[in-house]
2 protein chains.
Amino acid sequence: MSNIREVAKKAGVSVATVSRVLNHPESVSAATMELVLDTMNKMQYTPNGFARSLALNRSSTIALLIPNILNPLYPQIAKGVEDVAHQKGYNILLCNTEENGEKERDYLHMLIEKRVGGFILTASQLENKDLQKIKNQNIPFVMIGRNMEEIDENMVFTDYHIGAYEITQHLIDVGYRNIAHITGSLNQIENLQKKKGYETALQEAGMVLRSEYIVEGNNEIEGGYLGAKKLLQLKKRPQAIFAANDLMAIGAIDAIKTSGLNVPGDVAIVGFDDITMASFIEPKLTTISQPVYKMGLIAARLLFESIENRQQEDGFKQKIFVQPKLMVRKSCGHEDRVREIFN
Amino acid sequence: MSNIREVAKKAGVSVATVSRVLNHPESVSAATMELVLDTMNKMQYTPNGFARSLALNRSSTIALLIPNILNPLYPQIAKGVEDVAHQKGYNILLCNTEENGEKERDYLHMLIEKRVGGFILTASQLENKDLQKIKNQNIPFVMIGRNMEEIDENMVFTDYHIGAYEITQHLIDVGYRNIAHITGSLNQIENLQKKKGYETALQEAGMVLRSEYIVEGNNEIEGGYLGAKKLLQLKKRPQAIFAANDLMAIGAIDAIKTSGLNVPGDVAIVGFDDITMASFIEPKLTTISQPVYKMGLIAARLLFESIENRQQEDGFKQKIFVQPKLMVRKSCGHEDRVREIFN
DNA sequence: ATGAAAGCGCTAACAG
DNA sequence: CTGTTAGCGCTTTCAT
């Protein structure tokens, strides 16, 4: 693997000149230019990025931390981030944290050593102390998905509380009285917020909260399946279930079907996220949509803004709020109920 | 951001010693060890990975190139790769090539400059010339998914031809005579192989190939939808459709349903890949399963093997063949047909 | 327009 | 067990 010195020697110029044709082509005569380019080609020279980054003290890679790449939500975010990163000539270091704070912290250190240009933290479990570490190293970052009122950083998020509130409200509007909730992992703040939204909606409607109607899932299809099975065994079977994400909703639908019951006839199901598959399962899933691809785009743009202006007294932090949106489809039994009522 | 020299000075030792506590802790006295560790902490020192990689001439990151992160197949592969990479203390540079040879080649250059430790190329469109470039730089790589008989490199793949042959065969066995095929993008070799498998099965069964029964899709849900719509308009509507991947199969099912027809009653559908959702759509999808997560694992292990033995006269290349497996579920109408025949 | 040389932060001989 | 020092390959000032 040849280096800049060998190229310089072979071309009969100085290393500075070779460096210049790469970085400041305008400052090199046409003849030299061609000569150097030519010998680079002949020698199959590829500049060494490490040396370059070391000299320049900056890299062209950013890090993307996501909790679970197998949840279709996150590839969409990744796509958004990738689209702008690639356009900026950056690469992405992908880290799958598996919703594990330890692993996430682990990655954090590796990435700081790698001197990434910035971080995008998705549904991060990092604590203030960890974030402080990033800031101490003066590495810009933006958070996606989690609204932490108390910290003043770049973030783009939707309000989980409101989303959960709205969809529960919708279930109430349709006419259900006994509404259960399969939560996500309750050590994640957004799942607490969703649970809160669910509870608030119920309370405002003057309904009692029944603790047996709240079961904890694990954010995966299987958790939804298990949760629904548990709910089906209750003496007083719920009429509707709000699953904290679409994956669990899909699992819940599966559980209900395999129990010989009908969705939404016997039990209505709604989810959260609006992953692509939500529109393709049977019945089509009523859910809360967040524009995740866009959120990825926005977060990445925000990040590059910070990267490009890092020298400045760190500018204003932005909190970008994205409106969650109720998508009424079939699984909530909206139409059926409406018909029933008017009969 | 402090560096090794400052730490050394503050701790009153040499830079070599500081370096040693990081890289060869066994060769440092306990007292010095603690002292140095302590001042590192105090100064919030994080070693500079660039400098390290430059001095060592090796990095701890590998690159993963995938065609489309939005196709759930690839996150599974990524998970497999990530699992072993993380265990080895490596990070992953993720590149989404969008099935675009240009973009892939683009990434290739960036990654070579970044001196990644190795490449995992998934369903790559790279030509021999490009691969040669990687080899010239002496960077190990392994290919996933595509069996290129003619080149002698590490690869793990399933046989697309056989898979397509088998599932078409199964359609024939069930009793269908008019079997259509929605292909993937035909500029990708695996889709040519699948098409070939479909054709071979038909021919061996003594059936005629009808060109109007072959329509080209784009590997996405939408392509399957459009393809199926087109097929439904044919004078002689096919009884069964083999879609070249599950995403398109899902699109095709949607198209048939929205046309007021029934799957598999009116038209049977089968896919390829066995993505998670294949078991959750209605009817459950008959498809060909490839153990993609495992393939990711295997590929990554293979890669690390090459990385760790790179100095040796490059060892044997391995071609690991993974058996595709027919998953018979509902969408092919197997049971219905069997019943019909025995009535 | 070009060259000489310092320096980015680290590792690993080599010497003690 | 520890220190001195020569690189690793590149960019950039400072001369010319």
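Chain letters run A, B, ... following the sequence lines, proteins first and then strands; every chain starts at 1.
Residues that satisfy the ring pair (Phe, Tyr, Trp, His ring centres under 6.0 Å) test with A/F304, not counting sequence neighbours, are A/Y90. Residues satisfying the ring pair (Phe, Tyr, Trp, His ring centres under 6.0 Å) criterion with B/Y107, sequence neighbours excluded, are A/H86. Checked against salt bridge (charged side-chain N to carboxylate O under 4.0 Å, His left out), A/K88 has the following partners two or more places apart in sequence or in another chain: A/E308. In this structure A/E220 satisfies the salt bridge (charged side-chain N to carboxylate O under 4.0 Å, His left out) test with no other residue, sequence neighbours excluded. Applying the salt bridge (charged side-chain N to carboxylate O under 4.0 Å, His left out) test to A/E127 and every residue at least two apart in sequence or in another chain returns A/R105. A search for ring pair (Phe, Tyr, Trp, His ring centres under 6.0 Å) contacts involving B/Y45 returns nothing, not counting sequence neighbours.
For DNA chain C, the neighbouring residues in residues 34-47 of chain B, judged by any heavy atom under 4.0 Å, are B/Y45, B/P47. The stretch residues 48-59 of chain A touches DNA chain C through A/L54, A/A55, each having a heavy atom within less than 4.0 Å of the strand. Within residues 16-25 of chain B, the residues that have a heavy atom under 4.0 Å from DNA chain C are, in order of number, B/A16, B/S19, B/N23, B/H24.
The salt bridge (charged side-chain N to carboxylate O under 4.0 Å, His left out) contacts involving residues 110-125 of chain B comprise nothing, where partners must be two or more places apart or lie in separate chains. The salt bridge (charged side-chain N to carboxylate O under 4.0 Å, His left out) pairs that include a residue from residues 35-45 of chain B are B/D38-B/K42, where partners are two or more places apart or lie in different chains.
Residue B/E34 places its CD atom among 12 or fewer non-hydrogen atoms of other residues, nucleotides or ligands, all under 6.0 Å distant.
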Please determine whether side chain to side chain donor-acceptor pair (under 3.5 Å) holds for the pair A/Y74 and A/N96, giving the CA-CA distance in whole Å, both sets of side-chain angles, and the decisive distance to 0.1 Å. CA-CA 10 Å; A/Y74 297 110; A/N96 192 44; over 6 Å; no
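Considering only heavy atoms from C-beta on, A/I92 comes within 4.5 Å of A/I62 through its side chain.
Nearer the 5' end of DNA chain D, as judged by each residue's closest nucleotide, is the contact made by B/S14, out of A/M1 and B/S14.
In 5' to 3' order, the nucleotides of DNA chain D bounding all contacts with chain A (an atom under 4.0 Å from a heavy atom) are D/dC8 to D/dT12.
When all heavy atoms of B/I144 and B/G296 are compared, the pair lying nearest together is CD1-CA, 4.2 Å.
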